[in-house]
Amino acid sequence: MLSTCGLTKRYHGQTVLHPASLTLAPGEAVGIAGANGSGKSTLLAILAQTLAPDSGSIEEDGRSVLGDRAFLRACVGYVPQTDSLIPELTAGEQLSLWQRLTGRPAARDRVLSDLLDLDALRRKPIWKLSGGMRKRLSFALALAGSPRYLIMDEAFAALDQGYRGRLEDWLRGYTAQGGALLWCSHEPDELQRLCTRILSLEAGRLMPLAPHA
């Protein structure tokens, strides 16, 4: 189980994330709802450890994993709102690079390749890919090897409609097999369809979603 305690973040003297604590258990899908600017992307980036918190802890089963790069490479998949793909590479080269860095079978995963139609992208330079194609590649990097924890920030935004149903089915299978999903979305229906629990982030404060919301 992944757990956080008292995560905070400040920018230019302003607190954008007040002490935030949550747990993410195997087989659980936790959604985070909130308006633009509420701190959702900040929280998820801290959990994916692409952004350092000012204070607080991140643990797995009681062991600190804050700053543990080996844990992140092996156990965490992250679909950021804005990708960090390398424009000069082809999609296939980006997948192979990720495979070498993480040890995950990105390029050899046939199910994942079929799910996201990766064969049609492999030889294309990333700078030539559409927004929807780049999102599919970002998903491929995050899902490769079925990481223990999957963190998604507005992951269906810019994704072509035809792939959403496929990915929802894959995510249901992922959690049914013990994977843990944490994601935020502007679409309440998406959260309701996939999540076993939904939290609300308002002005940087994380809390259970109000029953009437």
For the atom pair CG (L182) and CG (L44), what is the distance rounded to the nearest 0.5 Å? 5.0 Å
Residue pair R136 / L116: nearest heavy atoms and the distance that separates them: NE-O, 2.9 Å
Would you name the heavy atoms of A180 and A25 that are closest together and state the gap between them? CB-O, 3.4 Å
May I ask you to decide if M207's main-chain N or O and S200's side chain share a donor-acceptor pair within less than 3.5 Å? no
Does any N or O in the side chain of Q49 come within less than 3.5 Å of the main-chain N or O of G67, such that one atom is a donor and the other an acceptor? yes
Contacts under 3.5 angstrom, residues 10-22 side chains, donor-acceptor by atom type, not counting sequence neighbours:
from: S21; atom 1: OG; to: G6; atom 2: N; distance (Å): 3.0

Here the pair of heavy atoms bringing C75 nearest to P147 is O-CB, 3.5 Å
Do L47 and M1 share a hydrophobic cluster, counting only Ile, Leu, Val, Met, Phe, Trp and Tyr and linking them when any side-chain heavy atoms are less than 4.5 Å apart? no
For residues L118 and W127: do they belong to one hydrophobic cluster (side chain heavy atoms under 4.5 Å, members Ile, Leu, Val, Met, Phe, Trp, Tyr)? no
Taking salt bridge (charged side-chain N to carboxylate O under 4.0 Å, His left out) as the test, write out the residues that go with D160, two or more places apart. none
About how many Å separate CG of L199 and SG of C184, when rounded to the nearest 0.5 Å? 11.5 Å
Any residue meeting side chain to side chain contact (heavy atoms under 4.5 Å, CB included) with P53, in chain and number order, not counting sequence neighbours: L7, I46, L66
Once side chain to side chain contact (heavy atoms under 4.5 Å, CB included) is applied, do any residues pair with S41, and if so which ones, sequence neighbours excluded? Q81, D153
Within the structure provided, determine whether T4 and L43 are in side-chain contact (heavy-atom separation under 4.5 Å). no
Please list all pairs passing the salt bridge (Lys or Arg N to Asp or Glu O under 4.0 Å) test where one or both residues lie in residues 25-52, with sequence neighbours left out. E28-R197
Non-neighbouring partners of A158 that pass side chain to side chain contact (heavy atoms under 4.5 Å, CB included), sequence neighbours left out: none
I'd like to check the salt bridge (charged side-chain N to carboxylate O under 4.0 Å, His left out) partners of K9; sequence neighbours left out, ordered by chain and number. D54
Quick note, salt bridge (Lys or Arg N to Asp or Glu O under 4.0 Å) partners involving residues 75-97, not counting sequence neighbours, are D83-R134
Quick one: pull up CZ in R166 and CG in L115 and give me the separation to the nearest 0.5 Å. 6.5 Å
Determine the minimum heavy-atom distance between L159 and F139, stating which atoms define it. CD2-CE1, 4.2 Å
Rounded to the nearest 0.5 Å, what separates atom CD1 in I32 from atom CG in L206? 6.0 Å
Rounded to the nearest 0.5 Å, what separates atom OG1 in T82 from atom CD in E154? 10.5 Å
Tell me every residue that passes side chain to side chain donor-acceptor pair (under 3.5 Å) with T8, counting only those two or more places apart in sequence or in another chain. S55
Side chain to side chain, Y78 and L72, heavy atoms closer than 4.5 Å: no
Would you indicate whether the side-chain heavy atoms of L137 and L95 approach each other to under 4.5 Å? yes
Just so I know, are the side chains of T175 and T196 near enough to count as touching, which here means a heavy-atom distance under 4.5 Å? no
Looking at CE of M152 and CG of L181, how far apart are the two atoms once the value is rounded to the nearest 0.5 Å? 5.0 Å
Give me the atom names and distance for the closest heavy-atom approach of A33 to L191. CB-CD1, 4.0 Å
What residues form a ring pair (Phe, Tyr, Trp, His ring centres under 6.0 Å) with Y174, not counting sequence neighbours? W170
Should L150 and W183 count as side-chain neighbours, where that means a heavy-atom distance under 4.5 Å? no
Residues in side chain to side chain contact (heavy atoms under 4.5 Å, CB included) contact with R63, at least two apart in sequence or another chain: E60, V65, D68, F71
With sequence neighbours excluded, residues passing salt bridge (charged side-chain N to carboxylate O under 4.0 Å, His left out) with R164: E190
Which atom pair, heavy atoms only, marks the closest approach of V79 to A142? CG2-CB, 3.4 Å
